Amino acid sequence: MISDIEFDPIWGELHDRLLEELDYHHEAASIRRMAGLHEGVPEIVIPRVVEEATTRNVLTLEYVGGRSPEEACGDETDQELRDRWGVVLAEFVLRGLLEHRFLHADPNLANFAFLDDGRVVVYDFGSVKEVPEAMALRYAELLAATATGRGDAIPPILKEMGIFMRDGSLMPAEAVEPYLEIFGTVLRASPPYTFGEDPEIYRRVIETGMNNWQYSMDMQFPEDAIFINRALGGHFGNLARLGATGPWRDLVFAAVARLGVDTA
Ligand SMILES: Nc1ncnc2c1ncn2[C@@H]1O[C@H](COP(=O)(O)OP(=O)(O)O)[C@@H](O)[C@H]1O
Ligand SMILES: [Mg+2]
C-alpha cells in the first residue's frame with residue numbers, strides 16, 4: 001500500500017536532530033543549559049563539561065558513575081530504591097516536557113545511572129528537544145483528560161496539537177479510546193500502578209498501534225510530537241524495567257496544575 005503520510009516534516013526533523021548530534025559544542029551547550037535548569041533539583045545529577053578539553057569533535061565530561069541499568073533493575077535491588085528512581089525519572093520527563101520545555105529526548109535507559117541515595121545521573125544530551133509552549137499545554141491537557149477519564153476531551157485536544165484526519169475531522173473515538181483505557185489504567189489505579197506487573201499492557205499498546213495503522217495513513221502528525229512521544233514511550237518502558245510503583249496520578253496532577261490546567 002502506498003502511504004499518503006507526509007514524510008517531509010518527519011525527515012526534516014530527523015535531519016536537524018541528527019546533525020545536532022554530530023556537533024559537540026551543541027551538546028556541551030545543551031548540558032550547561034540542562035544543568036542550569038536542574039540547579040534546584042538535587043535528585044538529578046548532570047556531569048559537568050570540562051570546557052578546556054572540549055572542541056567541536058571532542059566532548060570531555062567530569063566522570064560521574066553509578067549503578068548501570070542492569071545493576072539497578074535487578075531483583076537484588078530494594079523495591080523502595082527502584083520506586084524512588086522511577087519517580088525521579090517520571091518527574092524528569094514531566095518537568096522537561098511541561099515546565100522547562102527542554103526535553104532530554106533519548107530515553108534509552110543506558111543514558112542514566114543510579115545512585116544509592118535515590119539520585120539519578122543523566123548522560124547523553126546529543127538529542128534534546130525544545131517544546132513549544134502551546135505543545136506543552138496540549139500535552140498537559142491530554143495528561144489531565146487521561147488521568148480523569150475524560151475521553152471526549154481528547155480528540156479536540158489532539159486536533160489543537162495538530163493530530164487530526166487529513167480531511168480536517170477529529171480523530172475518531174475508536175482510535176483514541178484504547179490509549180485512554182491503557183494510560184488511564186496507569187494514572188487512575190488505586191493503589192498506584194506498578195509498572196511491569198502487567199506485561200499484557202505492552203502487547204495492548206503495540207496492538208493498538210497496529211490497529212490504528214489504517215488511520216495513520218490518513219492523518220496529520222506534527223513533527224514536535226515525534227520526539228516527545230519517543231521520550232514518553234521510552235520512559236514508560238524504563239519504569240517497567242525498574243518495576244516502579246509511585247504516585248503517578250499525583251505527579252501528573254502537580255505537573256499540569258503548574259501550567260494552570262484544570263484537573264477537577
Ligand atoms: N560523564 C560520564 N561519567 C561516567 N560515565 C559516562 C559519562 N558520560 C557517559 N558515560 C557512559 O558512557 C555511555 C555512553 O555515553 P553517551 O553520552 O550516552 O554516548 P552515546 O551517544 O554513545 O550513547 C553512557 O551510557 C554512560 O554509561
Ligand atoms: Mg547514550
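All ligand and atom numbering here is 1-based and tracks the order in the structure. As a basis for the values below, the full set of heavy atoms in this structure was taken, side chains included, without hydrogen atoms, waters or symmetry mates. As the structure is a computational prediction, the values presented were derived from the model and not from experiment. Residue numbers run from 1 in the order of the sequence given.
For ligand 1 and E62, the ligand atoms under 4.0 Å from any heavy atom of the residue are 1 (N), 2 (C), 3 (N). Those atoms of ligand 1 with a heavy atom of P47 less than 4.0 angstrom away are 1 (N).
Heavy-atom proximity to atom 11 (C) of ligand 1, evaluated over F112, Y123, Y63, is greatest for Y123.
Not a single N/O/S atom of N108, whether from backbone or side chain, sits less than 2.8 Å from the Mg ion (ligand 2). Look at D124 and the Mg ion (ligand 2): an N/O/S atom of the residue is under 2.8 Å from the metal.
A heavy-atom separation below 4.0 Å is found between A110 and ligand 1.
For H235 and F112, the ring centers sit closer than 6.0 Å to each other.
For E207 and Y202, the side-chain atoms include no donor-acceptor pair closer than 3.5 Å. A donor atom on one side chain and an acceptor atom on the other are found under 3.5 Å apart for N229 and Y139. Using modelled atom types and a 3.5 Å distance limit, the side chains of S169 and D167 yield a donor-acceptor pair.
A donor-acceptor pair is defined here as one N or O able to donate and one able to accept, closer than 3.5 Å; no such pair exists between the side chain of R67 and the backbone of A113.
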